[in-house]
Amino acid sequence: NSKVIQTPRYLVKGQGQKAKMRCIPEKGHPVVFWYQQNKNNEFKFLINFQNQEVLQQIDMTEKRFSAECPSNSPCSLEIQSSEAGDSALYLCASRRQRDTEVFFGKGTRLTVV
Amino acid sequence: QQKVQQSPESLSVPEGGMASLNCTSSDRNFQYFWWYRQHSGEGPKALMSIFSDGDKKEGRFTAHLNKASLHVSLHIRDSQPSDSALYFCAASPLTFGDGTVLTVKP
């Protein structure tokens, strides 16, 4: 079973508010991913880290999201100013350095009202 | 950007039946496919991977890869109600298909 821990499980924010979610990757997994899964179940990759460094991110993430994976602290994903379209399940995942299998947490379900 | 087309969007099979799911990559440079399963309220969990042409069998699950056509399929034999879930294929951690909702009816 995956040991990726995501908090909170549910998050409700008003439009324009900040929304912050956290992820503790599996021990020994230096590569961390964040995804957005919309109500149609479509997956969108947002950003990934190797240790504390950003490897890749999409444009949307650069503009309105901030994310970090500090050493000895949970990783976090924060939406600076929430929009209705940000309502989704946010999934964190991690993997070992050279593995291809990705382990997912249970997600944070964000509702922007 | 690399894309993975997944079909069908939804599938319903009777208990004990065979379920077949498909994915096609738009990028010839893919190295592997992973299949993931996501039950309601949970995160996706890896089912199996396939890197080489041909079949790979794990229990009731068989993956088939054809690199020439960039196509991978997942076949679930003797489907169980507990197999009802959302299934994703992934050609990399950055590229997932849009999923197939499988319903197994008792």
Side-chain angles (χ1 to χ4, degrees), chain A residues 1-10 21-26 29-50 54-61 77 88-110, chain B residues 1-12 21 23 25-27 29-52 56 58 61 63 65 67 72 74 82 84-103:
Chain A
N1 283 334
S2 173
K3 297 178 180 62
V4 177
I5 307 298
Q6 287 190 250
T7 56
R9 289 294 306 274
Y10 300 93
M21 54 205 85
R22 291 176 176 82
C23 169
I24 300 175
E26 281 209 33
H29 287 196
V31 185
V32 176
F33 303 84
W34 285 99
Y35 302 89
Q36 179 193 66
Q37 186 177 26
N38 67 20
K39 62 181 180 181
N40 296 320
N41 295 320
E42 294 161 348
F43 252 71
K44 180 189 289 184
F45 162 80
L46 295 176
I47 189 169
N48 65 337
F49 291 84
Q50 181 163 304
V54 174
L55 290 179
Q56 292 158 293
Q57 61 183 321
I58 63 172
D59 284 349
M60 179 181 82
T61 312
L77 178 70
L89 180 68
Y90 290 83
L91 289 161
C92 176
S94 68
R95 67 168 171 87
R96 296 186 192 91
Q97 179 78 23
R98 289 184 173 82
D99 275 2
T100 60
E101 182 180 358
V102 176
F103 295 82
F104 286 85
K106 293 186 177 183
T108 292
R109 184 163 297 282
L110 171 66
Chain B
Q1 185 179 353
Q2 184 184 15
K3 289 273 191 183
V4 176
Q5 297 296 324
Q6 193 167 344
S7 64
E9 286 187 13
S10 63
L11 179 63
S12 181
L21 293 68
C23 280
S25 173
S26 64
D27 184 354
N29 294 319
F30 74 90
Q31 301 292 315
Y32 58 82
F33 277 100
W34 270 97
W35 284 98
Y36 290 83
R37 180 165 73 179
Q38 184 179 20
H39 284 107
S40 180
E42 300 285 326
K45 291 182 182 175
L47 275 177
M48 62 189 300
S49 63
I50 186 163
F51 293 74
S52 303
K56 180 179 180 182
E58 291 189 4
F61 298 85
L65 177 60
K67 286 189 175 182
V72 66
L74 179 69
S82 58
S84 296
L86 180 62
Y87 289 77
F88 291 99
C89 61
S92 79
L94 274 60
T95 312
F96 281 73
D98 287 338
T100 294
V101 177
L102 173 64
T103 304

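Note: hydrogens, waters and symmetry copies are ignored here, and every other heavy atom, side chains too, is used. The shown structure was predicted, so the numbers you read here are calculated from the model rather than taken from an experiment. Chain letters run A, B, ... following the sequence lines, proteins first, then strands; residues in each count from 1.
Around atom CD of B/Q5, no more than 12 heavy atoms belonging to other residues, nucleotides or ligands sit under 6.0 Å away. More than 12 heavy atoms of other shown residues, nucleotides or ligands fall within 6.0 angstrom of atom CD in A/E42.
For the set A/Q56, A/R9, A/K44, A/K106, the entry with the most heavy-atom pairs within less than 4.5 Å of chain B is A/K106. The residue among B/W34, B/F51, B/Y32, B/F88 with the most heavy atom pairs within less than 4.5 Å of chain A is B/W34. With chain B as partner, the option from A/L91, A/T100, A/V102 having the largest number of non-hydrogen pairs under 4.5 angstrom is A/T100.
When heavy atoms are compared at a cutoff of 4.5 Å, A/Q6 does not approach chain B at all. No part of B/Q6 comes within reach of chain A, as not one of its non-hydrogen atoms sits under 4.5 angstrom from that chain. In this structure, the portion of A/L89 lying under 4.5 Å from any heavy atom of chain B is its side chain and not its backbone. Residue contact with chain B, scored on non-hydrogen atoms closer than 4.5 Å, involves the side chain of A/R95 exclusively.
Taken from CG in B/L86 to CD in A/Q37, the straight-line distance is 6.5 Å, to the nearest 0.5 Å. For the atom pair CZ of A/F103 and NZ of B/K45, the computed distance is 11.5 Å after rounding to the nearest 0.5 Å. Summarising the geometry, atom CG belonging to B/L94 is positioned 11.0 Å from atom CD1 belonging to A/I47; distances are rounded to the nearest 0.5 Å. Between B/S10 atom OG and A/N41 atom CG the span is 11.0 Å, to the nearest 0.5 Å.
For B/E58, the side-chain contact (heavy atoms from CB on, under 4.5 Å) partners are B/M48, B/K56, not counting sequence neighbours.
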Steps toward ring pair (Phe, Tyr, Trp, His ring centres under 6.0 Å) verdict (A/Y35, B/F96): CA-CA 10 Å; A/Y35 302 89; B/F96 281 73; 5.5 Å; yes
